[in-house]
Amino acid sequence: MHTIFALATARGKSGVAVIRISGPAAHEIGSGLAGSLPQAGQAGLRVLRNATGAVLDQALVLRFDEPRSFTGEDVVELQLHGSIAVIRAIEAAISGTGLARMAEAGEFTRRALLNGNLDLAQVEGLSDLIAAETEAQRRQAQELFSGAMRGFADMCRHDLVRATALIEATIDFADEDVPVDVSPEVGALIDKVISRIAEQLGGYQAAERIRSGFEVAIIGPPNAGKSTLINKIAGRDIAITSEFAGTTRDVLEVRIDLNGLPVTFLDTAGLRESDDVIERIGVARARSRASGADLRILLIDGLQAQGDFDPGIAVDLRYMTKSDVTGSGISAVNGDGIDQLLADVSRILMDRVSGATLASHERHRQALERAHALMMVGRSCFIEGSVGAEILALHLRDAVGALDSLIGRVDVEAVLGEIFAQFCIGK
Amino acid sequence: MKHDAFDVVVIGGGHAGAEAAHAAARAGAITALVTMRKDTIGVMSCNPAIGGLGKGHLVREIDAMGGIMGLAADMSGIQFRLLNRRKGPAVRGPRTQSDRALYKAAIQFFLAAQEGLTVIEGEVADLVLADGRIAGVELSDGAIIPAGSVVLTTGTFLNGVIHIGDQKTAGGRMGDRPSVRLADRLRALDLPLGRLKTGTPPRLRASSIAWEKLEMQQADDEPALFSFLSDRPHVRQIACGITYTNQQTHDIINDNLSRSAMYGGHIEGIGPRYCPSIEDKVVRFADKASHQIFLEPEGLDCDTVYPNGISTSLPEDVQRSYVHSIVGLEKAEILQPGYAIEYDFVDPQNLDPSLQLRAIPGLFLAGQINGTTGYEEAAAQGLMAGLNAALRARNSRSVILSRAQAYIGVMIDDLVTRGVAEPYRMFTSRAEYRLSLRADNADQRLTEMAGALGLITQERQQRFAVKMDDLALGRGFLEASLFTPREAAEAGIAISQDGQRRSGMDLLAFPDVDLAHMDVLIPAFSQCTPATREQLATEALYKTYVARQQRDVSAMLRDEAQQIPSHIDYSDIGGLSNELKGKLQRVRPVTVAQAARIDGMTPAALALILSRIRQDERRSA
């Protein structure tokens, strides 16, 4: 296994820059540069020199010994002055030892995964954490990174192992003092796991939205003030506005942090019949993006008699615009009611994410769906009593197998261990 | 004195040794079985029964490969019972009580009748090595028996110590000496030895039991036998008595707990969780008011009864008083006290999958020395060790059964890959492919292969061929035509009118459809024998599940085909945790599939091992 190193902070001028070295030669390289390394888990101030003895920088040096490091390997971290030239000089000195190579993207994390310091869901959590832009995203990523998915899977697995053990006990110890009818407990355990998995799946969409962001489409008849509103929300002019109806043709996007939620507002072409080919395409696009969005805001021009305007799709919020002229509704020109509009959007989205669960990646959803489907088959077999215990046990084992893609693997020893702890086996 | 040279020498005449010697000789090796006492070959030291759940499967597999345990059990069986008769066919296990004397006589008969097999009476005191390989054995009288391969089956004799209360005597079984010199020799070889414990109950005089007070358990009306060659029991069938411990029994045991060898701290060996002593049961399951006891006669004309369920290491006087507290046993006479026995075993992770000790090429281990418990587990290992010892002696490739092929394969893989923490017993739940590893199809899984190895007789070949023909015929009937839901309904099969056309096999898979329906639908099917019809119904029942598991099986077999070179150095694969490195060094898996089954193995670690194999291949290419 090669020793790898990389700049762990963003490249460029900064107060501090961190270079991380990981692998079997990390300590050797570190002490070569720093003269000596501090104790494991401690930091020490050192002067870094290259092979010829030239001083490169004064740095805070941290040492970690395997397996108690991020990667699970020996690690040295150098906290340098954040100068482009210093970074280059240190990198050159490390390369010059011939003991390490530059890390590939994600390689430190991959090693942490290989060494069992992180499970797969934690790696996903870490990558979400690094990408997090809003508070809700940070909280979500933090939870995943903390190993909560393993906790969830372990909880389900515990109940499934227990259910399997009860069934196996009636098979393998038929001649012994084990309860003959284990169905009430098995049934309860199956239902418990199914409802837990269903809960995860129920909250998946909200969780996934927190991770990838919500879309809010602004629709309405031409010249209702949609582009003016989006410019107001963005705080800058991103859409061309004019008094001419049909100015906006394509869909424009603005991404903002709305009370911690990542929200993308879509400005769309005004909805009307048109002979203009380009405008017709724009209207079709507006309809299709709007129907795919999480929320639709309908704006009605307060100056026109458009109260009965039918956009052709269901909308969540409705506002009359141009209150600066009409005196009622909202106005993106003077800002009337815009805070209320944003608060309305925020309230609806917050309500939706309140059910968000841990499962936030497509991979999680697939594994959970698979486990759920197998459990449902097992459950109906169990209730109908149409199959033997040996087949029910197979369904449960397969369900555990599906949950395995989130965690480790089920093990017959675990099942037997549960049996022996519970029943007096042995004539 | 110098003996003639043998291809294979088997040490020990218990269930592992007898099966090993017979298998080696069947495989064409000139074989010797060395035992301390000829007349104890085939003795049932513990309970007088063969088979059970998982264990019955093992016996069928031994039989399918031409072994002797199934035949001996059939010849001596006095109470055949198919366990789990009301559960699915995959988890039914044949079992019988055996007449001890008849069982032993049958085993000795088969060994005597086997060509190429010599029985030598003597105590093996040492192993003869040459260049680190096995070259023979040395007897306590100094005589040397040269051998190409040696199979060691020491049972509980290796440093055996018998405990009754605080009384401690060296012994391999009540009344027999232990093998101390051999144990010292194995210690000197630096083999990783551990200590296990097992126990037996006091033996009772049958005529002193008040049978009229007891509930009796009869043999099955339609006995399920072990051997594919047997048609009916050879001897009269008897019933067993059932009784229970009570509060008074438990009080006596609790009051004397400190006098038990186990609770008095005299025993260091680890006993099996599934075969606890009565003191263990009373302590660990204190809330249970009573425990079941089966009173099993040890033979047809024998006055000894084995009370299954009350094994103990309490002193004799306590045994007497708790036995007398039990209904029906108030006046029971104890013929031999119960005892616990501790013995040495070799960590089976030191074996390769052919049961050969990696450190000493040519030395094979089988039975309790590998940390297992049970006659059937021992015999199954004996069969494979004897076969592989014979194959090695003639430089042929060893035979390894996979987990998808046989319970024997599951057991040996568990042993060599995961080791043991307590005496290992077979359970059906250990077999992940148990829906296809059934007692009824053991011959279909193994007999053809055994035939190619020359392990089976012509009679068995013929019987097998007839069975396969009949199955093919029956399957043909069931698959030949497709029926509409209406046709099915006319035959009395309630089925949704979905327009789907189904074969007889498809229809049989439905829970409410049985063979009688098939006779209406496909009259020709009734020509098949009852056994064939039954088996095809079982095949139909599991068809979809077996097909679903087939993907897993193929994936496993693919990994099984990926060999790991024996010289691989795990210490030098970065990214592997030290714990896994240690386990890999100890187990030294032969294939990637085996490595995957090591406790705690992760997909990531497997990927590292695979990439190292590839690297090495590229380097040497």
Side-chain angles (χ1 to χ4, degrees), chain A residues 1-3 23-24 66-67 71-73 110-117 119-120 164-165 167-177 180 381 384-395 397-398 401 404-405 408-413 415-417 419-427, chain B residues 47 52-54 81 83-84 86-91 93 95 272-277 280-281 284-285 288 291-294 308-311 414 418 421 427-432 434-435 510-512 541-542 545 548-549 552 572-578 580 599-602 604-605 607-608:
Chain A
M1 183 69 59
H2 285 286
T3 299
E66 70 152 43
T71 57
E73 303 173 327
R110 194 158 73 233
R111 290 191 176 190
L113 177 70
L114 285 175
N115 288 329
N117 277 22
D119 64 39
L120 196 51
T164 312
I167 295 167
E168 295 290 4
T170 65
I171 295 176
D172 266 338
F173 303 97
D175 233 18
E176 318 258 1
D177 276 352
V180 180
C381 289
E384 291 164 17
S386 58
V387 300
E390 75 281 19
I391 295 175
L392 182 57
L394 178 69
H395 287 312
R397 280 188 189 210
D398 284 354
D404 275 357
S405 37
R409 36 190 292 165
V410 81
D411 170 323
V412 65
E413 284 301 326
V415 172
L416 290 173
I419 293 177
F420 297 139
Q422 199 63 32
F423 306 118
C424 180
I425 300 295
K427 287 189 280 194
Chain B
N47 62 327
L53 296 163
R81 283 175 56 229
L83 304 186
N84 276 345
R86 276 180 305 190
K87 294 214 169 68
V91 294
R95 179 189 195 273
R273 284 175 295 180
Y274 40 79
C275 196
S277 62
D280 255 352
K281 291 186 189 181
R284 283 180 41 209
F285 299 94
K288 259 187 89 100
H291 297 274
Q292 187 170 246
I293 304 165
F294 287 87
N308 201 342
I310 51 169
S311 82
D414 281 347
R418 313 181 63 127
F427 298 114
T428 70
S429 49
R430 294 195 193 273
E432 55 274 57
R434 73 177 159 195
L435 298 187
F510 287 94
D512 301 328
L541 173 66
Y542 292 134
Y545 306 103
R548 197 166 100 189
Q549 282 201 315
D552 299 347
D572 149 77
I573 300 182
L576 279 181
S577 70
N578 284 332
L580 268 184
D599 187 38
M601 182 59 64
T602 63
L608 287 174

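Protein chains get the first letters and strands the later ones, always in sequence-line order, with residue 1 at the start of each.
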message: For a side-chain contact (heavy atoms from CB on, under 4.5 Å) check, start with the C-alpha distance between A:E390 and B:N84, then their side-chain angles and the critical distance, and finish with the verdict.
response: CA-CA 11 Å; A:E390 75 281 19; B:N84 276 345; over 6 Å; no
- request: Tell me, with the steps shown, if A:I391 and B:Y542 meet side-chain contact (heavy atoms from CB on, under 4.5 Å).
  value: CA-CA 9 Å; A:I391 295 175; B:Y542 292 134; 3.8 Å; yes
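- In this structure, no portion of B:R86 lies under 4.5 Å from any heavy atom of chain A.
- Heavy-atom pairs under 4.5 Å with chain A peak, among B:L580, B:T428, B:D572, at B:T428.
- If you measure heavy-atom distances from A:H2 to chain B, you find no contacts under 4.5 Å at all.
- Taking the side chain as every heavy atom from C-beta outward, A:I171 and B:F427 never approach each other to under 4.5 Å.
- Of the atoms belonging to B:I293, not a single heavy atom falls under 4.5 Å from chain A.
- With values rounded to the nearest 0.5 angstrom, B:R434 atom CZ is found 6.5 Å from A:D172 atom CG.
- Considering CZ of B:R548 and NE2 of A:H395, their distance stands at 5.5 Å, rounded to 0.5 Å.
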